[in-house]
Amino acid sequence: MSEMTYRDALNLALREEMRRDPAMVVFGEDVALYEGSFKVTRGLLAEFGEERIKDTPISENTIIGMAVGAAMGGLRPVVELMTVNFALLAMDQLINHMAKIRSMFGGQTYLPMVVRMPGGGGSQLAAQHSQSLESYFMHCPGMRIAYPATPADAKGLLKSAIRDNNPVVFLEHELLYNSKGEVPDDPEFLAPFGRANVVRAGADVTIVAYARMTVLALQAAGELEKEGISCEVIDLRTLNPLDAETFIASARKTGRAVVVEECWRSAGLGGDLAHRIHEACFDSLLAPVKRVAGLDVPMPYSREIEKLCIPRVETIVSAVRDVLAASV
Amino acid sequence: MSEMTYRDALNLALREEMRRDPAMVVFGEDVALYEGSFKVTRGLLAEFGEERIKDTPISENTIIGMAVGAAMGGLRPVVELMTVNFALLAMDQLINHMAKIRSMFGGQTYLPMVVRMPGGGGSQLAAQHSQSLESYFMHCPGMRIAYPATPADAKGLLKSAIRDNNPVVFLEHELLYNSKGEVPDDPEFLAPFGRANVVRAGADVTIVAYARMTVLALQAAGELEKEGISCEVIDLRTLNPLDAETFIASARKTGRAVVVEECWRSAGLGGDLAHRIHEACFDSLLAPVKRVAGLDVPMPYSREIEKLCIPRVETIVSAVRDVLAASV
Amino acid sequence: METKLRAILSDHELVRLYEQMALSREFEEACAEQYTKGHITGFLHLYSGQEAVAVGATAALHKDDYILSAYREHAQAIVRGAEPKRVMAELFGKATGLCKGKGGSMHLFSPDLNFMGGYAIVGGQLPIACGLAFSAKYRQEDRITACFFGDGAVNQGTFHESLNWARLWELPVLFVCENNFYGIGTEVHRSSALPTVHKRTCGYDIPSEKVDGMDVIAVFKAVKYAVEKVRETGRPQFLEAITYRFRGHSMADPAKYRSAAEHEIWKARDPLPNYARRLLAEGLATEQELEAIRQRCGAIVQEAVTFAEASPWPGEQAVWEDIYV
Amino acid sequence: METKLRAILSDHELVRLYEQMALSREFEEACAEQYTKGHITGFLHLYSGQEAVAVGATAALHKDDYILSAYREHAQAIVRGAEPKRVMAELFGKATGLCKGKGGSMHLFSPDLNFMGGYAIVGGQLPIACGLAFSAKYRQEDRITACFFGDGAVNQGTFHESLNWARLWELPVLFVCENNFYGIGTEVHRSSALPTVHKRTCGYDIPSEKVDGMDVIAVFKAVKYAVEKVRETGRPQFLEAITYRFRGHSMADPAKYRSAAEHEIWKARDPLPNYARRLLAEGLATEQELEAIRQRCGAIVQEAVTFAEASPWPGEQAVWEDIYV
Ligand SMILES: Cc1ncc(C[n+]2csc(CCOP(=O)(O)OP(=O)(O)O)c2C)c(N)n1
Ligand SMILES: Cc1ncc(C[n+]2csc(CCOP(=O)(O)OP(=O)(O)O)c2C)c(N)n1
Ligand SMILES: [Mg+2]
Ligand SMILES: [Mg+2]
């Protein structure tokens, strides 16, 4: 085990996998010489050279299309979109192509590619640069989606993503890059897809979360513990495959659940999760599942109002209290 | 009242509004000379001339951006994307720009524009041409979304959309274009946004649906009536604003609900609707809300398997039966 | 004076070009019939009239070269070697189809033949073609990628992004624009600021030529030259093939936006009879031999229809198959 | 021999150009300071070095003309007439900001001044500019649209789609590429197949020129000429302004990808002192007058900071305001 940041864990995963597989290439805007807008690709150009780590024009749709073609041709491209917001320029290649090609061609090919995208709000980047688009990806079949909460998962999930032969959308939270944690040293350490983590065991309420929301949920659980409320926190880790079993079992046990998502509430993935809990635990739920979600507004710049638009420890805490209060 | 098709009702709405407002312009791929891929714009070029009804290059992102700019400049553009699938090439202008401009510029401008998009599956158009992307639009704040089920609403909602000073995503179902119904003749007939219709009153189960799903739900209700099951069918008409009150009141009354959506199930809008019902009717629900949704697969071409991927009358019927059977 | 055909290809190869065009034509006309009968559903875009492009180009490419196209790609696939019966079965939506009935008319695919797909999003195949070319270059394979698209595709952002990228990274791609003058009902000059398509590559420093797409030999020579240039320089080339589709955009389109006179002019340039005349004139085939070829092609297509009809539908389980690895 | 300044503009106007550049520079340098203090957050992209472009261009445009830009647009807005204090307040995220604190540094907007916005998606403003130009044309207004963007934007699909469309529909747009040689850390020749940006318009039949973007008079003249052409022909024009940003891409960028030597060369071409020298040489201002201008600009900016500091934050209710009409 070594302590390192989420950023460095991602960097290490990229390095280890590039060393392991000569078919792996990395490209994206400013990933090589500039070493990435968030410095996740630091040192890769020096180690692997410009044949394998490449800067691209600002052409997002074609970045994804290039990766699709390269993967079809037998490479293992791991591309970066500078932030998830720019995925909106690439939805055609992501949704119309990447996610459909294997199926529409009758299984005759597969696309071993990863699309890394930093995202999330909270840095006063305003409406066009603060989006949480995980629901868009989760809604579309044909690709896997990982969104790590910890440095260990950052490394383990990214390595699994790279070795996966499905296209993987790999989301990274901009506010987690500097977060630190213990990471296994074993270069064969992989984190599984489709297996949620019970990151904190508890008895009274289940909190279902992912990525930065998991971090906030754990803090909320810590605060609530002082009031004698015991929360079980589930970190989804991957949104596709989705490990519904784990959070359903937990909710059945606790009888109460709060679902936390950073994305917009309307038609957000939290509705799907909450419904699954309601459906599976209809007889055992003591209160309706509560959703904590991003507000349905374009993100404002000003930090004093921006903070109101994103789930916070306080909003999770009060959702948990509400669920307890509403319990029959 | 006159009987007409959904297509003709849309056409009439466009004509009436163009006559009413000289600032209204229509453009899109093949909308003028060719009169639209689905012939919704038939006769417009002849009546209004090439200054007001214009063919465009195949450049979807720029079609939307042009409309955004034109709206900002004081026109009332009503543009067509040939099908909703091509919206994936325009997500940048739709989501990053159209939906955010008013807010991020502090309310100093507004965008009176409509984006018409035919969509939906069921015509063996395969994976890239059969998508139902309503959840993508509903997820994003900053725009209105209408999706009519009947010719009367096709006309009334489109006219309201055109007069609305917000950007409106106006979805049309390809399989409804030939459907017929009575349409009010009054050129001032408008259908309200944010007001769902109880299209069939019933006592045992509430079925929440929209667009073609409403048509199927009514058929299902008809079949179930023969078994003595009384369904109340709610047609949402607009997804933003969403009239949750109406379907919640209905579910509270019947104690049971089925939500029908054509889009993919994962992170689909039906989860949001189902959760709202669970939350609001926790004490009165007799069974968990059941979702009937598109399967989480890229749409296959072959009609024999395509039909399994889209909600059908049978799947709605059996969902209703399941809900009744599960009732406590 | 025109070069004699024998100076270009062997007798056998020359006749084969005719055979492939005839097979394509027979196939497309059979599709039209099957569509009318309701056996083929969805969108059906036929290639009749444009055969010289696919046939001439394919003959000039190596077996290892990748080919990608749009949704008007039956002929591209068949000429490349896809079995007509498996293509027809695909169009029928049968389990025996080239893509197990999942893709249909617009999404043929056969990696064994390096036929890397038909794509239905206008312009969608261009970035993918660049990616395939990059993979070949990265692995130092002697393999170029030929990417076909229509005149309507040249105004898509992907066209621009892909051409810039291909030249920047020096990717071995041959871009072939099949200019049939219409994107559905919109004529090129009503969608392109510069309607001379091949001139649009000036902004990317990509060499570009125009070729008569109704003349299979002209296409063959132009593609052969361009492909050699790609191999020699490691850089992209661009070709505009001037052609015409004899039918509407799809089976749903009566093509009222074109005049009968225009249609007649192009009919007179039909690549099949014109090439047949040349073969006859140069003594490469007799009228009987050509008739026998057409008969044979007709029989192959008939067989394909019979096969497709007799084939089973995909089973219910197919819905969940072949999505994830 | 260079034209004398007095032959181009009035004395007052000539001095005003200096004043606007000085105000822009002061403003940007104050922003840097406020960012370091944590008063300005988010992304902050400064314009220092590029002032001659915004100032020269704005002087050549009519008040009625629309202007759009990217996220490096403080100077564009201020030179157009936006109050420095309201711009600074916006950057502080205050309720008194130009956009009530909703937009921040990247999204200034002032319809009264026909300043139609700063946009943060590279290439995003081009289609919108075309739409504005279309609205003006439709209403037969004598109004052109000037759209500014960087060298990094020219490889986006929207660049291509917009240029094609603008020429096709004959829209009164002036496209101005501010080529500062870098898109973040990527030099033009590493992202563009044809790094001479203005030549990329050949595929759209749009006339195009290059201008020294470090020389406010050269920019003024080039824009004036281009704008006249747009008005005269009703068609788009394209201008590439060669310039340089003295700071990193944003405050987060130490700009290690550029050599000190390169930086020095460009520093020597700083548009402010160079233009000052010209004013002095032609007797249009004295050193004292210029110093007074700089002082005045400094004071305005100081006042802006004070105003921004003292302004209130938006209230909680603002979250739900100004989204729907
Ligand atoms: C992105 C996108 N926009 C629109 C369409 C609808 N569409 C299908 S084919 C076509 C015209 C394409 O014309 P062209 O590229 O010339 O090809 P051709 O049909 O002539 O072979 C259009 C607009 C589409 N499939 N994809
Ligand atoms: C679509 C999109 N992709 C990527 C980015 C990230 N990004 C912000 S600025 C920039 C470079 C743009 O360079 P240029 O157009 O030359 O403008 P400059 O910063 O030099 O003024 C990039 C890649 C973005 N904002 N939008
Ligand atoms: Mg065409
Ligand atoms: Mg630049």
Side-chain angles (χ1 to χ4, degrees), chain B residues 22-25 27 50-52 54-77 79 89-93 95-113 141-144 164-168 193-194 240-241, chain D residues 66 68 90 95 97-104 106-112 116-121 123-139 141 143 145 147 156-166 168-169 171 173 314 318-325:
Chain B
M24 179 177 155
V25 292
F27 55 87
E50 60 185 22
E51 293 307 309
R52 297 187 65 195
K54 301 177 82 68
D55 288 320
T56 72
I58 308 175
S59 309
E60 282 80 8
N61 204 25
T62 297
I63 290 176
I64 305 301
M66 281 284 307
V68 167
M72 204 188 273
L75 303 188
R76 197 169 284 275
V79 300
L89 288 99
M91 291 299 266
D92 170 45
Q93 287 294 332
I95 308 297
N96 280 333
H97 294 88
M98 183 183 84
K100 295 180 172 48
I101 275 178
R102 177 168 171 73
S103 169
M104 80 185 189
F105 293 146
Q108 295 181 88
T109 189
Y110 61 95
L111 304 177
M113 60 181 279
M143 57 201 189
R144 300 305 188 188
D164 201 305
N165 282 335
N166 294 293
V168 181
F193 272 41
N240 178 343
Chain D
Y66 289 129
L68 294 88
E90 185 62 32
L98 200 62
C99 300
K100 305 184 188 168
K102 288 266 178 108
M106 304 194 286
H107 303 301
L108 301 174
F109 189 82
S110 188
D112 306 339
M116 305 312 274
Y119 297 82
I121 300 295
Q125 70 273 35
L126 278 84
I128 299 175
C130 291
L132 279 160
F134 171 65
S135 74
K137 177 176 171 148
Y138 183 85
R139 307 207 286 191
E141 295 168 341
R143 191 205 284 272
T145 299
C147 181
Q156 280 288 16
T158 48
F159 172 88
H160 173 71
E161 295 182 1
S162 297
L163 266 68
N164 179 60
W165 199 314
L168 188 72
W169 283 21
L171 302 177
V173 189
V319 163
W320 296 106
E321 288 170 356
D322 294 324
I323 298 168
Y324 300 100
V325 178

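Computed over heavy atoms, backbone and side chain alike; hydrogens, waters and symmetry mates excluded. In what follows, chains carry the letters A, B, and so on, assigned in the order in which the sequence lines appear, proteins first and then strands, with residues in each chain numbered from 1. Every value quoted in this text rests on a predicted model; they were computed, and no experiment measured them.
- Expressed to the nearest 0.5 Å, how far OH of D/Tyr119 lies from CG of B/Asn96 amounts to 12.5 Å.
- Across every non-hydrogen atom of D/Val325 and B/Asn166, the tightest pair is N-OD1, 2.7 Å.
- Rounded to the nearest 0.5 angstrom, D/Leu168 CG and B/Asp55 CG are separated by 10.0 Å.
- How far CD1 of D/Ile128 is from CD1 of B/Ile64: 11.0 Å, rounded to the nearest 0.5 Å.
- Neither the backbone nor the side chain of B/Pro167 comes within contact range of chain D; no heavy atoms are under 4.5 Å apart.
- Taking D/Met106, D/Glu90, D/Met116 one by one and counting their heavy-atom pairs under 4.5 Å with chain B, the maximum is reached by D/Met116.
- Within the 4.5 angstrom heavy-atom criterion, only side-chain atoms of B/Asp92, from C-beta onward, approach chain D.
- Between D/Trp169 and B/Lys54, the closest side-chain pair of non-hydrogen atoms falls below 4.5 Å.
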Margin query: Go through it in stages, so that I can follow the logic: the residues are D/Leu171 and B/Met66, the test is side-chain contact (heavy atoms from CB on, under 4.5 Å), and I'd like the CA-CA distance, side-chain angles, deciding distance and then a yes or no.
Written below: CA-CA 11 Å; D/Leu171 302 177; B/Met66 281 284 307; 4.2 Å; yes

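- Neither the backbone nor the side chain of D/Leu126 comes within less than 4.5 Å of any heavy atom of chain B.
- For the atom pair B/Arg102 CZ and D/Lys102 NZ, the distance stands at 9.0 Å (nearest 0.5 Å).
- Between chain D and the options B/Gly107, B/Pro22, B/Ser59, heavy-atom pairs under 4.5 Å are most frequent for B/Ser59.
- Of the atoms belonging to D/Leu68, not a single heavy atom falls under 4.5 Å from chain B.
- Using a 4.5 Å cut-off between heavy atoms, B/Ile63 contacts chain D through both its backbone and its side chain.
- Side chain to side chain, B/Arg52 and D/Tyr138 meet the donor-acceptor criterion of an N or O pair below 3.5 Å.
- Within the 3.5 Å criterion, the main-chain N or O of B/Gly73 finds a donor-acceptor partner in the side chain of D/Arg139.
- The nearest pair of heavy atoms linking D/Asp322 to B/Gly106 is OD2-O, 3.5 Å.
- When all heavy atoms of D/Gly124 and B/His97 are compared, the closest pair comes out as CA-NE2, 3.6 Å.
- Within the model, atoms CG of D/Asn164 and CD1 of B/Ile58 stand 11.0 Å from one another, a figure rounded to the nearest 0.5 Å.
- In this structure, D/Glu161 contributes its side chain and B/Pro57 its backbone to no donor-acceptor pair below 3.5 Å.
- Taking CG of B/Asn61 as the start and CD of D/Gln156 as the end, the distance is 9.0 Å to the nearest 0.5 Å.
- Only the side chain of B/Asn240 comes within contact range of chain D, with at least one heavy atom under 4.5 Å from a heavy atom of that chain.
- Residue B/Gln93 touches chain D through its side chain alone, counting heavy-atom pairs closer than 4.5 Å.
- The two residues B/Gly142 and D/Ile323 come nearest to each other via the heavy atoms CA-CG2, 4.0 Å.
- The aromatic rings of B/Phe27 and D/Phe134 lie perpendicular to each other, with more than 60° between the two planes, well past the 30° mark.
- Here the closest non-hydrogen pair linking D/His107 and B/Met104 is ND1-CE, 3.4 Å.
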